[in-house]
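Counting from 1, the numbers follow the sequence of the chain as shown.
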Amino acid sequence: MLRIGLTGGIGCGKSTVANLFSQLDVPIIDADIISRNLVQPGQPALAVIRQVFGGKILNVDGSLDRSHLRDIIFADAEAKQKLESILHPLVYQAILAAVGQTISPYCVICIPLLFETKMTRLADRILVIDCPTEIQVMRVRQRDHLSDGQIQAIIGSQVPRDFRIANANDLIENTGTNDKLAEQVKKLHNLYLSISNCQD
């Protein structure tokens with residue numbers, strides 16, 4: 001099965017593109033969903049995170065206080081590395097397991113930090129969703145209600161836009177209408193079906 005690694009900077013529209021592929025009956029394996037499931041109350045990963053970062057990163061109901069943990073790791077590179085060392089191997093294993101259970105000509109593995117986490121080996125082809133930085137900032141400001149400084153810090157923590165584009169097998173420019181986005185997805189869908197047929 002052909003594995004498409006879907007990635008892009010924050011606010012570029014990765015989820016929108018993944019949903020468009022899903023509407024074409026393409027299996028979507030989402031690293032963010034996997035990561036969220038791994039830190040649910042009662043999961044071993046959450047217990048390890050609490051052990052490393054202390055009880056202050058939990059809400060009163062025992063769930064993970066994501067915004068507080070995010071503030072910690074953006075302010076402390078060592079803390080970020082500790083969190084990644086806990087979660088990334090588990091996410092990697094879960095993605096492999098999900099791929100192994102999927103029967104389809106191809107699947108889309110949505111990994112926002114595909115390059116940063118060095119998970120490119122999970123993908124046969126890399127699809128980058130791209131848009132100008134000013135559009136990223138505008139979208140994230142509207143969606144997450146973060147300050148421009150917070151948004152720029154997140155963008156700065158990700159690989160540069162030029163790096164993503166240079167390392168993409170396929171590129172979607174998400175600067176137009178949803179109709180144009182759907183057209184680009186449909187073209188890639190046909191391409192991926194063609195490639196997967198050649199692999200059979």
Side-chain angles (χ1 to χ4, degrees), residues 1-38 84 87-133 135-140 143-144 151 154-155 157-199:
M1 180 176 59
L2 184 68
R3 301 176 299 184
I4 308 301
L6 187 156
T7 192
I10 187 170
C12 284
K14 299 177 295 295
S15 296
T16 303
V17 171
N19 287 336
L20 288 168
F21 275 107
S22 181
Q23 290 169 22
L24 296 170
D25 295 324
V26 178
I28 308 296
I29 299 168
D30 192 318
D32 277 352
I33 293 175
I34 289 171
S35 183
R36 281 197 292 271
N37 290 338
L38 286 170
E84 289 172 349
L87 285 179
H88 290 175
L90 297 174
V91 172
Y92 188 89
Q93 292 167 15
I95 289 173
L96 283 179
V99 169
Q101 295 167 6
T102 301
I103 300 173
S104 182
Y106 78 94
C107 69
V108 171
I109 307 172
C110 189
I111 309 179
L113 300 178
L114 180 69
F115 296 112
E116 293 86 348
T117 56
K118 298 178 172 56
M119 289 192 188
T120 53
R121 60 192 181 280
L122 281 169
D124 300 308
R125 291 180 72 88
I126 295 173
L127 168 58
V128 167
I129 316 306
D130 181 62
C131 70
T133 304
I135 294 180
Q136 285 182 265
V137 173
M138 179 189 68
R139 287 174 177 166
V140 178
R143 183 188 70 191
D144 298 338
I151 298 168
I154 294 170
I155 292 173
S157 72
Q158 299 178 341
V159 298
R161 180 186 178 196
D162 290 347
F163 178 91
R164 279 194 297 269
I165 293 171
N167 286 274
N169 298 108
D170 306 297
L171 184 69
I172 285 181
E173 294 282 357
N174 184 17
T175 55
T177 64
N178 283 342
D179 286 344
K180 287 184 178 178
L181 200 59
E183 286 176 15
Q184 294 182 78
V185 169
K186 190 66 168 66
K187 286 179 182 177
L188 285 174
H189 175 63
N190 292 332
L191 171 66
Y192 296 151
L193 288 175
S194 175
I195 294 172
S196 64
N197 286 337
C198 291
Q199 290 183 338

Which donor-acceptor pairs under 3.5 Å do side chains of residues 95-105 form with protein atoms, sequence neighbours excluded?
from: T102; atom 1: OG1; to: A98; atom 2: O; distance (Å): 2.7
from: S104; atom 1: OG; to: Y106; atom 2: O; distance (Å): 3.0

Heavy-atom side-chain contact between M1 and S196 under 4.5 Å: no

Non-neighbouring partners of I33 that pass side chain to side chain contact (heavy atoms under 4.5 Å, CB included), sequence neighbours left out: D30, R36, N37

Residues that F115 engages under ring pair (Phe, Tyr, Trp, His ring centres under 6.0 Å), provided they are two or more places apart: F163

Qualifying salt bridge (Lys or Arg N to Asp or Glu O under 4.0 Å) pairs, either residue in residues 180-192, two or more places apart: none

Minimum heavy-atom distance R139-C131, with the two atoms named: NH1-SG, 3.6 Å

Counterpart residues, side chain to side chain contact (heavy atoms under 4.5 Å, CB included), relative to L171 (two or more places apart): V128, D130, I165, E173

Residues that R143 engages under side chain to side chain contact (heavy atoms under 4.5 Å, CB included), provided they are two or more places apart: I10, V140

Residue pairs involving residues 1-32 (criterion ring pair (Phe, Tyr, Trp, His ring centres under 6.0 Å); sequence neighbours excluded): none

For E84, side chain to side chain donor-acceptor pair (under 3.5 Å) partners two or more places apart: K80

All side chain to side chain contact (heavy atoms under 4.5 Å, CB included) counterparts of S22, not counting sequence neighbours: I28

N178 CG: over 12 foreign heavy atoms closer than 6.0 Å: no

Pairs where residues 3-19 contributes a residue and the test side-chain hydrogen bond (donor to acceptor under 3.5 Å, both in side chains) is met, not counting sequence neighbours: none

Those residues that, when tested against R125, pass side chain to side chain donor-acceptor pair (under 3.5 Å) (two or more places apart): D170

